[in-house]
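Positions are given from 1, in the same order as the sequence printed here. None of these values were measured; they are calculated from a predicted model.
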Amino acid sequence: MSRGYVANHAKLSWLLARGAVRRLAGRVNGHPFLRWPLVPFKTDRLVIAPQDLRTADATRAAEIYSGRFAFAGKVVVCDGRSIFEMEPPSEDWAAALSGFGWLRHLRAADSAITRANARALVDEWIALQGSWHALAWRPDVLSRRIISWLSQSTLLLQDADVRFYRRFLRSLVRQVRYLRHTAGDAHRGVARMQAAIALSYAALCIAGQARHVKATTERLKQEIDRQILADGGHVSRDPAAIIEILLEFLPLRQAFTSRNIAPPQALLNAIDRMMPMLRFFRHSEGTFAHFNGMGATPADLLLTLLAYDETRGTPVSNAPHSAYQRVAAGGGVIIIDTGRVPPIEMSLDAHAGCLSFEFSSPKQSLIIVNCGMPATGRENWRQLARATAAHSTVTFNDTSSARFVEMAMFRRMLGGAPMLGGPHSVSVAREDRPDGIALRLAHDGYADRFGVVHERRLLLAADGARLDGEDRFLAADGGGQLRTTQDQFAARFHLHPAVKATRLTDGHGVMLMMPNKDVWTFSAQENRVELEDSVYLAGSEGARRTAQIVIHGQARRVPRVRWSLQQVNTSGAATAARRPQEEEPRLPL
């Protein structure tokens, strides 16, 4: 057992103990008898309402008015009772309901009826769950509700009577005070950041809370330093985290300005670093790359955020702190995961996809993908989606390149299944050449168990119409011959469900038909190519059946696999001259 593996186990035990102590302290500090200040402060009005950048659908207002609440892929219809008395069909559904993000749909309808409906629902929540509820007062749900109530305060308070106005504010201030004590209990990552954002909003928007601006700003700075990397990525390495955080950072910057308070420099710098990453992870056809928990691309939100990008420059090609590479040539785009396992507390949704890649063609067709994560029902797919086999890379002996701690105790205490082990060393070399852009990559995620290092070489042609690849299997001890008898490998290339695949009769290739009728071929002249079933989880409509190209073999007998993906003219000829199979691409050392 490696020294790093033992150290990770020790850190995991320490995190569990610290989490238990913090939860106990949070419950004590947040007890109803301790939530009231010794000296009452007058808080009788809202000063500003922050902007909500999330898109709204006015038709959803009619559904909510009729008692039909659809969240997280589940629908609950009220039968004359309050929606807050109904049995939730899932935890995600209950969190969405208690987070009140759906108020924006009522605001979009903008009528006296929807305003009255919104007030009635908020009143019901205050009466039924306003004192305490295990899920509704959980820090992550509480943070979302505070942000939603502040953002939609104009909807709730317009035409409101004095009784509701005061009850609403009393409840809001009580929730803010509770979050101030328990924000540290939120899971590390986006949830902890949202708690800091919610407290900052409250200090800026509620009269009488200005005395907390300094403390909440300092808390926000600390979370930014912990979570936002130097290249603008998130420490969890989840591209979706960038979208979620920017949706709050941009209105928060405006909220500081509206109160004539200079936004903290850490916030401004974070926004400046994160905006280019939106373009970094974006494929030629507009979707986000599917790595480390990213699911369906919220196209409307992404376009909204891109409208705030003042530079609109070419995306960077190297994100060394986030550990991703982007190769773009002739309109073709490859995005590659070159990262190690994130810190344990940030790895609850991380995937074992080192050296996996996605490829979109010059004519904006997504061809090679990872399976991604579904928007709903994540728990049903999480274990499968996080495995190496769900990514377009090489697996050894049907195992993942990192281990997942799936014990119920850890999932309950940490809020997910952390990763242990995995790649400790990932090398990246890049070379711009006259004929294209070359990468040479390697990781040791299988070195401890099977004594093998996976090396992957990629060369994207200058016109973007051809991608050459080679996967090598090297001895971890530096010797020439692999010694392990467990040497079964599978090189997987998952296809986007819009791609129609047909295996060629020679058994060494697959013809790929794009939605725009372009034809590409995948070939591996030295190896047999199989076409197997796969599933694409990141579609907006849910999981979809698709196919994957797979090359099976034994690493001791087949120490390298060469393959190519190239566009074919309508005449049937390849768009680029075929390189001889014996010619090895000159890649960087």
Side-chain angles (χ1 to χ4, degrees), residues 282-287 289-290 314-315 317 325-336 356-370 392-393 431-439 456-471 491-531 534 536 546-551 561-581 583-587:
R282 197 178 186 216
H283 276 292
S284 60
E285 42 74 72
T287 60
H290 308 101
T314 302
S317 58
Q325 292 285 319
R326 177 187 174 93
V327 179
V333 174
I334 314 172
I335 304 174
I336 310 107
S356 65
F357 75 97
E358 294 194 330
F359 174 63
S360 53
S361 74
K363 293 190 178 180
Q364 303 183 348
S365 292
L366 196 54
I367 303 177
I368 305 295
V369 297
N370 297 315
S392 293
T393 186
E431 180 184 2
D432 291 331
R433 298 166 38 166
D435 57 342
I437 302 173
L439 285 176
R456 167 161 278 182
R457 300 185 178 194
L458 300 172
L459 174 61
L460 180 63
D463 62 358
R466 176 169 177 144
L467 172 62
D468 286 296
E470 179 181 79
D471 290 297
R492 303 179 186 275
F493 306 86
H494 295 270
L495 301 175
H496 189 273
V499 177
K500 304 303 180 185
T502 305
R503 189 164 176 261
L504 300 181
T505 55
D506 64 0
H508 294 284
V510 176
M511 184 176 69
L512 307 175
M513 178 70 74
M514 303 299 113
N516 60 5
K517 306 305 180 183
D518 279 352
V519 177
W520 288 66
T521 58
F522 179 96
S523 60
Q525 294 300 322
E526 298 173 356
N527 304 92
R528 190 167 183 81
V529 174
E530 304 293 340
L531 200 57
S534 180
Y536 182 65
T546 186
Q548 59 176 317
I549 299 169
V550 187
I551 302 173
V561 175
R562 289 183 178 181
W563 49 268
S564 66
L565 180 66
Q566 59 183 334
Q567 189 176 1
V568 177
N569 290 328
T570 54
S571 62
T575 59
R578 178 179 292 274
R579 297 180 182 86
Q581 288 295 320
E583 178 188 340
E584 182 176 329
R586 293 181 293 104
L587 297 177

Looking at residues at least two apart in the chain, or sitting in another chain, which of them share a side chain to side chain contact (heavy atoms under 4.5 Å, CB included) with Ala547?
Leu495, Leu531
Going by the rule side chain to side chain donor-acceptor pair (under 3.5 Å), which residues pair with Ser365 if we only count those two or more places apart in sequence or in a different chain?
none
Just grab all the salt bridge (Lys or Arg N to Asp or Glu O under 4.0 Å) pairs involving residues 356-367, residues at least two apart or on different chains.
Lys363-Asp518
All heavy atoms of Ile551 vs all of Ala524, minimum pair found to be CD1-CB, 3.8 Å
Between the CD atom in Gln567 and the CD1 atom in Ile367, the distance rounded to the nearest 0.5 Å is 8.0 Å
If the condition is side chain to side chain donor-acceptor pair (under 3.5 Å), which residues does Ser534 pass it with, not counting sequence neighbours?
His494
Name all residues meeting the ring pair (Phe, Tyr, Trp, His ring centres under 6.0 Å) criterion together with His496; count only those two or more places apart in sequence or in a different chain, and write none if there are none.
Tyr536
Partners of Asp506 by side chain to side chain contact (heavy atoms under 4.5 Å, CB included), sequence neighbours excluded?
Leu504, His508
Any donor-acceptor N or O pair under 3.5 Å, side chains Asp471, Trp563:
yes
I'd like to check Lys500 versus Met511 (side-chain heavy atoms, cut-off strictly below 4.5 Å). Are they in contact?
no
Partner residues of Thr287 under the side chain to side chain donor-acceptor pair (under 3.5 Å) criterion, sequence neighbours left out
Glu285
How would you list, by chain and number, every residue that makes a side chain to side chain donor-acceptor pair (under 3.5 Å) with Gln548, sequence neighbours excluded?
Arg492
Heavy atoms of Gly469 and Leu458 approach each other most closely as CA-CD2, 4.2 Å
Do you know the tightest heavy-atom contact between Gly436 and Leu459?
C-CD1, 4.1 Å
Mind checking what makes side chain to side chain contact (heavy atoms under 4.5 Å, CB included) contact with Gln325, not counting sequence neighbours?
Asn318, Ile336, Thr338, Val428, Arg430, Leu439
Over all heavy atoms of both residues, which pair between Ala461 and Ala329 is shortest? Give the atoms and the distance, please.
O-CB, 3.4 Å
Under the side chain to side chain contact (heavy atoms under 4.5 Å, CB included) test, residues paired with Pro362 that sit two or more places apart:
Trp520
Under 3.5 Å, is there a donor-acceptor pair between the side chain of Asn370 and the main chain of His290?
yes
Please determine whether side chain to side chain contact (heavy atoms under 4.5 Å, CB included) holds for the pair Thr521 and Gln566, giving the CA-CA distance in whole Å, both sets of side-chain angles, and the decisive distance to 0.1 Å.
CA-CA 6 Å; Thr521 58; Gln566 59 183 334; 3.5 Å; yes
Measure from the side-chain N and O atoms of Ser523 to the backbone N and O of Gly509, and report whether any donor-acceptor pair falls under 3.5 Å.
no
Ignoring hydrogens and geometry, is there a side-chain-to-backbone donor-acceptor pair from Ser392 to Val369 under 3.5 Å?
yes
For Phe357 versus Ile334, what's the shortest heavy-atom pair and its separation?
CD1-CG2, 3.8 Å
4.5 Å side-chain heavy-atom contact, Pro315 and Arg326
yes
Inter-residue atom distance Leu565.CG - Leu460.CG, 0.5 Å rounding:
10.0 Å
One should read off an interatomic distance between Phe493 CZ and Ile549 CD1, to the nearest 0.5 angstrom, of 7.5 Å
Any side-chain heavy-atom pair of Leu512 and Met514 under 4.5 Å:
yes
Provide the closest heavy-atom pair for Ser356 versus Arg456 in the form atom of the first, atom of the second, distance.
CA-NH1, 4.4 Å
Would the distance check show the side chain of Ser360 and the main-chain N or O of Ser284 forming a donor-acceptor pair, the cut-off being under 3.5 Å?
yes
